[in-house]
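Throughout, a chain's letter reflects where its sequence line sits, starting with A, and its residues are numbered from 1.
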Amino acid sequence: MEKKLVLIDGNSIAYRAFFALPLLSNSKGVHTNAVYGFAMMLNKIVKDEQPTHILVAFDAGKTTFRHETFKEYKGTRQKTPPELSEQFSYVRELLKAYGIPYFELENYEADDIIGTLSLKAEQEGVMVKVYSGDKDLTQLATEKTTVCITRKGITDIEEYTPEHVLEKYGLTPLQIIDMKGLMGDASDNIPGVPGVGEKTAIKLLKQFHSVEQLIESVEQVSGAKLKEKLTEHKDMAVMSKQLATILRTVPLDLAIERLVYKGADDDELYDLYRDLEFKTLLEGIQRTGEPEQVTDVSFTIVTEPEAAHFKQADAVYVEMMDVNYHKAPIAGISVSGDGQTIFMPGETAVSSLAFKEWAENQSARKTVFDAKRTVIALRRHGIEIAGVDFDVFLASYLINPSESPEDFAAVAKLHGETGIASDETIYGKGAKRALPAEETYAKHVSAKAEALSRLDETCRHELSENSQNELFDELELPLALILADMESEGVRVDINRLNEMGTELKKRLAEMEKTIHTLAGTEFNINSPKQLGVILFEKLGLPSLKKTKTGYSTSADVLEKLAPSHEIVQHILDYRQIGKLQSTYIEGLLKVADPDTRKIHTRFNQALTQTGRLSSTDPNLQNIPIRLEEGRKIRQAFIPEKGDSVMFAADYSQIELRVLAHISRDEKLIDAFKQGLDIHTATAMEVFHVEESGVTSNMRRQAKAVNFGIVYGISDYGLSQNLGITRKDAAQFIDRYLNTYPGVKEYMDTIIREAKEKGYVTTLLNRRRYIPEITSRNFNLRSFGERTAMNTPIQGSAADIIKKAMIDVAERLEKEQLTSKLLLQVHDELIFDVPKEEIDQMERIVPDVMEHAFELDVPLKVDYSFGPTWYDAK
DNA sequence: GGGGGCACGC
DNA sequence: GACGTACGTGCCCCCC
């Protein structure tokens, strides 16, 4: 087989990886981005090149022979960041595991080792590929040697053959050295000739071929200034060329034969990746030993459950094949405790009196995984589970919301239970997902239940280390049960109304489509941004203002700017708006409404967002249109269950800004709320130094946008986009705001400092969010981290408060024996189904309970309204 | 089946 | 040298 040698510039690739990736670290706090990037690069190289021989060369020590020529060589280099230095030992371990030899030599750079070996290889007739992030190495390109330089990121590379060098620079690879000699290199502190850049260097070399010939014929150089510079600095040029020349005669005792690539030791690689927590890379490895060590579980399949089976039980796991627990059948249930685990097929379990009795027994305490899901699944079979006192899924989310584990196994692993197989290995994924033989999944479900009864203690401990026991016991777990009630209750929709609206919209869409096609002069798919882009920017010749990764941007903000230029644009905007209503809301809602009950049962995800908010899926009932009247009408389809009830909506007014006033203790902001002022107007008055009567609508609009920015933690860029102003002006605005509210500024500074020290921020009720980005040297990442630190306590505390309000309201409804039902939560708003005769009471109770869910230094204010449909509750 | 573009809410 | 901008969900298109 033909030999192929790959030579890798180790320092350069590690640097590249380090700066191309965010500052990742594993749970032990070890920085891993450079190692991770390096590993990705090796994967790619081994796969693409299939080398027979390979070597990674490293730079050794600080000084090299080049420093004898020029002691300031690389003198301007910044010190290697410690976060990178500490990763080199792992890179070496990675290479060992990969079976790749590596080498460094005192007094020489990696380039020189590579140059020497590539020359040696060529002489032996071996093909060579060189990998580096440093373009200087392109001087090594020959017929036998290709130099691969990283372009951007890690795995995007540009291959330099002599032809490519010629094409790109108009020079031979060796002339690259002359080019460097003339133009210098700031990063290596190679001086070159002042005033000569890449363009001039190339021009000169095309005429004179080399630095030496140029100096000889310097008289022929056109341009007096240039001639003078060249004459004056000719020694500099010669020295710079010398510095830029890769040495190809390093005294190496390293035969090519010793660089044979033997392939990776997968076990070693596995251990390393596991320690570093490279989950994605782990998946790519097949271990020779134990592939996925699944702990053995002892369990019994029970077809006739008896009370005795549940005597010691303290954990239960309900398995369903579909994520939608409102519909999915129960495949099986395992119950575990005190070393005993039983599995019951779904049918058996839900029809078992013994199981029902245990499940409904309040004093039989149970640990579950996702209480809401468990409650609803069992409720659908007439079982009201009680005594749930721990939820591993919820606890894990509180301990660290950023983990976003995929399934039970991943959650378990986070807390030390490594022996559970992933759902994907047992059931498969996508279209292939299916129940395997009973014995197989019975074991899997049992393993989960068994792990649950152990995870209880571990997670409890982790919660108490975070001081989150109360958050769990008093807020999230009770909330899970309330959300379960809300979801099971569902919201009734007026299917006829949706159908009517659908018919109407469909008609309008057809007309609009015709108009747009006529104006375009051709038929095309308006929903395809690609086709639309061609029509607008090529056929109609409108100016393309913004690009996306794949082509022209046709987003609303772009189209709005183009609207005056061509009639078609407004039609497209309208078409988009109506199309959205039709597909997402009309058709989408009709699809998920139960035809028998006419109800919609969303699922609130309680363990997803980084801030503690809920999210809603299938359908998302937290983004039903309201801003534009056309869309708002969708809300007419949301109605109470019974004819003479009303939809009752109560929302917090400015809850986030009130939270901000509270946690920042800013006097002006607190005063404004205490006086009951319109906060945007008050902000405008303060920021623009005017009386209330002097606040123009534009001033209020800008103040509102800044307040919005504060609440959502947007950047100056984001604010500039919102207001259609420059980033500079936006930044100035934010500055002015912060100077107006010194308490807020103080808070922002303090919270950022705290986040940097502790690595996380917390909310009023001790919800936690880790912000590793905040120490990044990457400006964008760090800025993002800082905004997150400022914003999360605000948004998260607001989320805490409304969750607390939901619990208080539910308790109060129970106590007063009201039949009104809480149906939905939309971040700062609660929506109820209220029978007519309870309206008076609800008007008194709901705002009051919400306003006193949590005492802040400013009052909480709640507005409410009700009517025959959600639309009317405005 | 998955990624990208776009649009809806807070 | 990096390169991305509050979050989350869902629809459609388009490519593999």
Side-chain angles (χ1 to χ4, degrees), chain A residues 12 15-23 33 78 133-134 150-154 187 429-432 525-533 546 548-559 572-573 576-589 591-592 602-603 605 608-628 631-632 634-635 651-652 655-656 708-722 727 773 776-788 790-792 794-796 798-799 802 825-829:
Chain A
S12 168
Y15 258 86
R16 194 69 197 201
F18 180 76
F19 289 111
L21 294 173
L23 190 61
N33 56 337
Q78 285 205 340
D134 185 348
T150 54
R151 199 176 295 162
K152 61 173 185 200
I154 304 158
S187 72
K429 69 167 173 179
K432 291 197 204 82
N525 185 345
I526 307 166
N527 281 322
S528 162
K530 196 175 157 190
Q531 295 182 35
L532 180 60
K546 205 165 88 182
T548 66
K549 270 181 258 183
T550 52
Y552 310 107
S553 170
T554 66
S555 61
D557 61 315
V558 170
L559 295 192
I572 290 162
L573 282 165
R576 281 241 180 102
Q577 192 203 328
I578 304 300
K580 174 81 178 171
L581 293 180
Q582 176 77 327
S583 65
T584 305
Y585 297 105
I586 304 289
E587 287 168 3
L589 290 173
K591 232 181 282 177
V592 292
T602 183
R603 297 193 322 275
N605 197 334
L608 186 137
T609 69
Q610 300 302 298
T611 56
R613 277 185 171 186
L614 301 175
S615 74
S616 158
T617 48
D618 212 6
N620 181 353
L621 293 184
Q622 291 183 319
N623 73 343
I624 303 301
I626 188 165
R627 239 181 58 245
L628 302 171
R632 191 173 198 154
I634 300 283
R635 294 178 174 227
D651 69 290
Y652 281 109
I655 187 166
E656 284 97 351
F708 175 86
I710 297 284
V711 166
Y712 289 117
I714 63 173
S715 57
D716 49 4
Y717 172 86
L719 181 64
S720 73
Q721 294 294 301
N722 275 344
R727 226 186 70 208
E773 303 92 334
S776 170
R777 276 166 323 286
N778 177 311
F779 173 81
N780 298 313
L781 276 178
R782 189 174 63 248
S783 303
F784 172 71
E786 290 172 356
R787 294 200 305 275
T788 304
M790 298 185 271
N791 165 252
T792 298
I794 301 174
Q795 204 184 110
I802 192 160
Q825 187 250 46
V826 190
H827 309 307
D828 64 353
E829 180 183 19

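- Qualifying side-chain contact (heavy atoms from CB on, under 4.5 Å) partners for Thr548(A), counting only residues two or more places apart in sequence or in other chains: Thr550(A), Ser553(A).
- Sorted by first and then second residue, the salt bridge (charged side-chain N to carboxylate O under 4.0 Å, His left out) pairs involving residues 608-620 of chain A (not counting sequence neighbours) are Arg603(A)-Asp618(A), Arg613(A)-Glu656(A).
- Side chains of Ser555(A) and Arg576(A): no donor on one and acceptor on the other come within 3.5 Å.
- In DNA chain C, runs of at least 3 consecutive Watson-Crick or G-U pairs, each pair with both distances below 3.5 Å, span B:1-9 with C:7-15.
- Shown here are the side-chain contact (heavy atoms from CB on, under 4.5 Å) partners of Pro625(A), two or more places apart in sequence or in another chain: Leu581(A), Tyr585(A), Ile634(A).
- With sequence neighbours left out, Ser616(A) forms a side chain to side chain donor-acceptor pair (under 3.5 Å) with Thr602(A).
- Residues satisfying the salt bridge (charged side-chain N to carboxylate O under 4.0 Å, His left out) criterion with Lys546(A), sequence neighbours excluded, are Asp557(A).
- Between chain A and DNA chain B, the heavy-atom contact criterion of under 4.0 Å yields a 5' to 3' nucleotide range of dG1(B) to dC10(B).
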When you check every protein heavy atom under 4.0 Å of nucleotides 10-16 of chain C, what one-letter string (B, S, -) results, 5' to 3'? BSSSSS-
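- Scored by the side-chain contact (heavy atoms from CB on, under 4.5 Å) test, Thr792(A) finds Thr611(A), Val761(A), Arg769(A), Thr788(A) as partners (sequence neighbours excluded).
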Can you give the donor-acceptor pairs under 3.5 Å from side chains of residues 712-722 of chain A to other protein atoms, not counting sequence neighbours?
unit_1    : atom_1 : unit_2    : atom_2 : d
Ser715(A) : OG     : Tyr717(A) : N      : 3.4
Ser715(A) : OG     : Gly718(A) : N      : 3.0
Ser720(A) : OG     : Tyr717(A) : O      : 2.5

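- In this structure Glu786(A) satisfies the salt bridge (charged side-chain N to carboxylate O under 4.0 Å, His left out) test together with Lys756(A), sequence neighbours excluded.
- Across all strands shown, Tyr717(A) has heavy atoms under 4.0 Å from base atoms, whether or not it also approaches the sugar-phosphate.
- With sequence neighbours left out, the side-chain contact (heavy atoms from CB on, under 4.5 Å) criterion links Asn780(A) to Asn778(A).
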